[in-house]
Participant: 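Below you'll find the structure I mean.
All values reported here derive from a predicted model rather than from experimental measurement.
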Amino acid sequence: MTEARRAHLPVEQRRAQLVAAAMRVMQREGAWALTTRAVAKEAGVPLGAVHYAFGSKTELVRAVFRADRDRSTALLRRAVETGGTPAEILTRALVGYVDSVIADPGAEIVLQELTMMGGRDDDLRAAARESTEQYRGDVLDLLHRVAEASGGTWCGDVEVLAESVLGQLFGLSVNWLCTGDDDLFRRSATDAARTLAARLTGGTHA
């Protein structure tokens, strides 16, 4: 595809291609190397096309976070729709996340780097905080859907437990990135899911 044709793609298609280009840049050179100019070069489009699609680097980062959230949301939705006990559904959801990280570790590194960059950049901090809040909302929705599917009610503080899930997954991911132990990563996620189900249901629906 020529540069001219890339620059005139429908907006949503162009944005998706630019997000993919941003991921390639960051996985190759690190999240700190992300600039609109680098993305334009990677995608083979004029710099103006990137600015037209996103307006700023911060908006591009938001789009990267949003693409990952869409993927995670689909995993959670499939976990619930397949059915089963709370422990089975939560295990399917958490292990599904683990498998997605193992399949594409570069993406996980990039997302963690982008989040860390928020500590030094006010605009990126807002984007990272917004992304974390959206992930938390997705986990809360998952827990409520599991409760509805099992006909039970939660015994624990769901918001606190949702926060615990996010913290555990982040910690497990960091540990896996350091050790590369796939089996431990999956077993840890399975144990976390069973513990979560027991805490939520008081052990009666797990």
Participant: Calculate, to the nearest 0.5 Å, the distance between atoms CD1 and CG belonging to Ile102 and Leu177 respectively.
Facilitator: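 Result: 10.5 Å between the selected atoms.
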Participant: side-chain contact (heavy atoms from CB on, under 4.5 Å) for Glu159 and Leu140? Distances and angles first, verdict last.
Facilitator: CA-CA 7 Å; Glu159 290 191 8; Leu140 279 169; 4.0 Å; yes
Participant: Are any non-hydrogen side-chain atoms of Leu184 and Asn175 less than 4.5 angstrom apart?
Facilitator: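 In contact.
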Participant: Would you say the side chain of Gln27 lies within less than 4.5 Å of the side chain of Asp104, judging by non-hydrogen atoms?
Facilitator: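 Of all side-chain heavy-atom pairs linking Gln27 with Asp104, at least one is under 4.5 Å.
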Participant: When rounded to the nearest 0.5 angstrom, what distance separates CG in Asp68 from CG in Leu111?
Facilitator: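 That separation rounds to 4.5 Å.
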Participant: Looking at Asp122 and Arg125, does any basic side-chain N land under 4.0 Å from a carboxylate oxygen?
Facilitator: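 Salt bridge flag = yes for Arg125 with Asp122.
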Participant: Is there a path of hydrophobic side-chain contacts, each under 4.5 Å between heavy atoms of I/L/V/M/F/W/Y residues, joining Val95 to Val80?
Facilitator: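 Different hydrophobic clusters.
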Participant: Counting N and O atoms only, with roles assigned by atom type, does the side chain of Arg92 sit under 3.5 Å from a partner on the main chain of Gly83, one being a donor and the other an acceptor?
Facilitator: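 Answer holds: yes.
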Participant: Is it the case that atom CD in Glu113 sees more than 12 heavy atoms from other parts of the structure closer than 6.0 Å?
Facilitator: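 Yes, enclosed.
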Participant: Search all heavy atoms of Ile89 against all heavy atoms of Gly84 and return the closest pair with its distance.
Facilitator: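 Residues Ile89 and Gly84, closest heavy atoms: CD1-O, 3.5 Å.
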Participant: What closest approach, in Å, do Glu88 and Thr85 show between heavy atoms, and which atom pair accounts for it?
Facilitator: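 Shortest heavy-atom contact: OE1-N, 2.8 Å.
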Participant: Under 3.5 Å, which donor-acceptor pairs link side chains of residues 46-53 to any protein atom two or more places apart or in another chain?
Facilitator:
from  : atom 1 : to    : atom 2 : distance (Å)
His51 : NE2    : Thr36 : OG1    : 3.1

Participant: Would you call the rings of Trp176 and Phe185 parallel, tilted or perpendicular, taking 30° and 60° as the class edges?
Facilitator: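 Parallel: the ring planes of Trp176 and Phe185 meet at under 30°.
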Participant: With distance as the sole test, does Thr73 use its side chain to make a donor-acceptor pair with the main-chain N or O of Arg69 at under 3.5 Å?
Facilitator: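 Yes: the side chain of Thr73 pairs with the backbone of Arg69.
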Participant: Could you tell me the separation between the OH atom of Tyr97 and the CG atom of Leu172, rounded to the nearest 0.5 Å?
Facilitator: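 Going from OH on Tyr97 over to CG on Leu172, the span is 8.0 Å.
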Participant: Is it true that a side-chain atom of Glu42 and a backbone atom of Val25 form a donor plus acceptor pair closer than 3.5 Å?
Facilitator: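 Flag not set: sc Glu42 to bb Val25 has no pair under 3.5 Å.
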Participant: Assigning hydrophobic clusters by single linkage (Ile, Leu, Val, Met, Phe, Trp, Tyr; side-chain heavy-atom cutoff under 4.5 Å), is Leu94 placed with Phe170?
Facilitator: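 Shared cluster, no.
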Participant: So Arg129 and Glu133, do their side chains get closer than 4.5 Å, heavy atoms only?
Facilitator: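 The answer is yes; the side chains approach within 4.5 Å.
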Participant: Salt bridge or not for Arg15 and Glu12, using N-O below 4.0 Å?
Facilitator: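 Salt bridge between Arg15 and Glu12, a charged N being under 4.0 Å from a carboxylate O: yes.
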Participant: In the structure I gave you, are the side-chain heavy atoms of Thr115 and Phe65 within less than 4.5 Å of one another anywhere?
Facilitator: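 Yes - at least one pair of side-chain heavy atoms lies under 4.5 Å apart.
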Participant: For Leu169 and Val101: C-alpha separation, side-chain torsions, deciding distance, then whether side-chain contact (heavy atoms from CB on, under 4.5 Å) applies.
Facilitator: CA-CA 10 Å; Leu169 290 178; Val101 171; over 6 Å; no
Participant: May I ask whether Leu34 and Met116 are part of the same hydrophobic cluster, defined by side-chain heavy atoms of I, L, V, M, F, W, Y residues being less than 4.5 angstrom apart, directly or through others?
Facilitator: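 No, Leu34 and Met116 fall in different hydrophobic clusters.
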Participant: Using the rule given for side-chain contact (heavy atoms from CB on, under 4.5 Å), can you reason through Leu75 versus Ser100, listing the C-alpha separation, both sets of side-chain angles and the distance that settles it, and then say yes or no?
Facilitator: CA-CA 9 Å; Leu75 282 172; Ser100 71; 4.1 Å; yes
Participant: Could you give the distance from CG (Leu166) to CG (Leu161), rounded to the nearest 0.5 Å?
Facilitator: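 If we round to the nearest 0.5 Å, Leu166:CG and Leu161:CG are 11.5 Å apart.
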Participant: Should Glu59 and Arg62 count as an ion pair when the cut-off is N to O under 4.0 Å?
Facilitator: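 A salt bridge links Glu59 with Arg62.
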Participant: Hey, which of Leu90, Thr91, Val139 is the one that makes side-chain contact (heavy atoms from CB on, under 4.5 Å) with Leu196?
Facilitator: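 Looking at Leu90, Thr91, Val139, the match for Leu196 under the side-chain contact (heavy atoms from CB on, under 4.5 Å) is Leu90.
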Participant: What are the two closest heavy atoms between Ala43 and Ala21, and how far apart are they?
Facilitator: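 Smallest interatomic distance, heavy atoms only, reads CB-CB, 3.9 Å.
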Participant: Might you point out which heavy atoms bring Met26 and Val110 nearest each other, and give the distance in Å?
Facilitator: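 In this case the closest contact between Met26 and Val110 is CE-CG1, 3.3 Å.
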Participant: Could you walk me through whether Leu114 and Leu124 pass the side-chain contact (heavy atoms from CB on, under 4.5 Å) check?
Facilitator: CA-CA 8 Å; Leu114 284 175; Leu124 293 183; 5.6 Å; no
Participant: Atom NZ of Lys57 and atom CZ of Arg37: how far apart are they, to the nearest 0.5 Å?
Facilitator: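 It is 13.5 Å, given to the nearest 0.5 Å.
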Participant: Say whether, by atom type as modelled, one donor and one acceptor occur between the side chain of Ser131 and the main chain of Ala128 under 3.5 angstrom.
Facilitator: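 No.
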